[in-house]
Amino acid sequence: MKLGRLNHVGIATPSIADSITFYRDVMGATKIHAPFDLESQGVKVCFVDTPGENGTNGTQIELIEPLPGNTSIANFLEKNPQGGQHHICYEVPDIAAAKAEFEAMGKRVLGEPRIGAHGTMIIFVHPKDMGGILTEIMETPKGH
């Protein structure tokens, strides 16, 4: 597996509205996208752009708040009431090839490829197989 671009860092939050205020007022974020519900994943999502250099895209912060019925993010917030880093996401050119490679290495892929918040295919790899970090693998969006 060749390491791809770090696309985003996922931050679980009990309140996207409060997190937007934090990233705008404390961290100085100037490009905050409109929050939206990603019902297939059971989360409300909001992307915060970090600046890039020399015309490149910066890494995004993905704020994730559980929708009713989402137990995995709710359980994370139960253990971390203020929220915190939930996952990191790397890009790959081919999600099926990446899934096959991870599985061939004995890594536990959590579920089948599915559409993520960027509208491209994603998988998650178990944190116990990834140095303690829940890792999202995302097919690079077309045109990037």
**Message:** Let's go through Met27 and Phe22 carefully: what are the C-alpha distance in whole Å and the side-chain angles of both, what is the deciding distance for side-chain contact (heavy atoms from CB on, under 4.5 Å) to 0.1 Å, and is it a yes or a no?
**Reply:** CA-CA 7 Å; Met27 300 302 292; Phe22 171 79; 3.6 Å; yes
**Prompt:** With sequence neighbours excluded, what pairs up with Asp37 under the salt bridge (Lys or Arg N to Asp or Glu O under 4.0 Å) test?
**Reply:** Lys44
**Request:** Please assess Val48 against Lys31 for the test side-chain contact (heavy atoms from CB on, under 4.5 Å), listing each intermediate value before the final yes or no.
**Result:** CA-CA 6 Å; Val48 177; Lys31 186 159 185 188; over 6 Å; no
**Prompt:** Do the non-hydrogen side-chain atoms of Met138 and Met121 ever get within less than 4.5 Å of each other?
**Reply:** no
**Message:** Among residues at least two apart in sequence or on other chains, which ones pass side-chain hydrogen bond (donor to acceptor under 3.5 Å, both in side chains) with Arg114?
**Reply:** none
**Listed partners of Arg24 passing salt bridge (Lys or Arg N to Asp or Glu O under 4.0 Å), at least two apart** = none
**Request:** For the residue pair Lys99 and Pro113, establish whether any side-chain heavy-atom pair is separated by less than 4.5 Å.
**Result:** yes
**Prompt:** Where the side chain of Asp129 meets the backbone of Arg108, is there a donor-acceptor pair that is under 3.5 Å apart?
**Reply:** yes
**Prompt:** Could you go step by step and tell me if Asn7 and Thr59 meet the side-chain contact (heavy atoms from CB on, under 4.5 Å) rule?
**Reply:** CA-CA 5 Å; Asn7 182 278; Thr59 299; over 6 Å; no
**Shortest non-hydrogen separation from Val9 to Gln85 and the atoms involved** = CG1-CG, 4.0 Å
**Asked** Under 4.5 Å between side-chain heavy atoms, hopping through other hydrophobics if needed: is there a path connecting Met105 to Ile123?
**Response** yes
**Request:** Sequence neighbours left out, what pairs pass ring-ring contact (aromatic ring centres under 6.0 Å, His included) with at least one residue falling in residues 111-132?
**Result:** His8-His118, Phe47-His118, His87-Phe124
**Asked** Mind checking whether Ser72 and Asn70 have side chains closer than 4.5 Å, heavy atoms only?
**Response** yes
**Request:** Establish whether Met130 and Val109 are linked, either directly or via other cluster members, by ILVMFWY side-chain heavy-atom contacts under 4.5 Å.
**Result:** yes
**Prompt:** Distance-only, no hydrogens or angles: does the Ser19 side chain make a donor-acceptor pair with backbone N or O of Thr13 under 3.5 Å?
**Reply:** no
**Message:** With a 4.5 Å cut-off on side-chain heavy-atom distances among I, L, V, M, F, W and Y, is there a chain of contacts connecting Leu6 to Ile133?
**Reply:** yes
**Asked** Does Gly116 offer a backbone N or O that forms a donor-acceptor pair with the side chain of Thr120 under 3.5 Å?
**Response** no
**Request:** State, with a plain yes or no, whether a side-chain heavy atom of Ile64 is found less than 4.5 Å away from one of Ile73.
**Result:** yes
**Item:** Joint cluster assignment, Ile137 & Ile115, ILVMFWY side-chain distance < 4.5 Å
**Value:** yes
**Request:** Return the set of residues passing salt bridge (Lys or Arg N to Asp or Glu O under 4.0 Å) with Lys107 (not counting sequence neighbours), or none when no residue passes.
**Result:** none
**Request:** Check for a donor-acceptor pair, side chain of Asn80 on one end and backbone N or O of Gly83 on the other, with a separation under 3.5 Å.
**Result:** no
**Message:** For Glu53, give me all partners under salt bridge (Lys or Arg N to Asp or Glu O under 4.0 Å), at least two apart in sequence or on another chain.
**Reply:** none
**Asked** Are Leu77 and Leu38 co-members of a hydrophobic cluster defined by side-chain heavy atoms under 4.5 Å apart?
**Response** yes
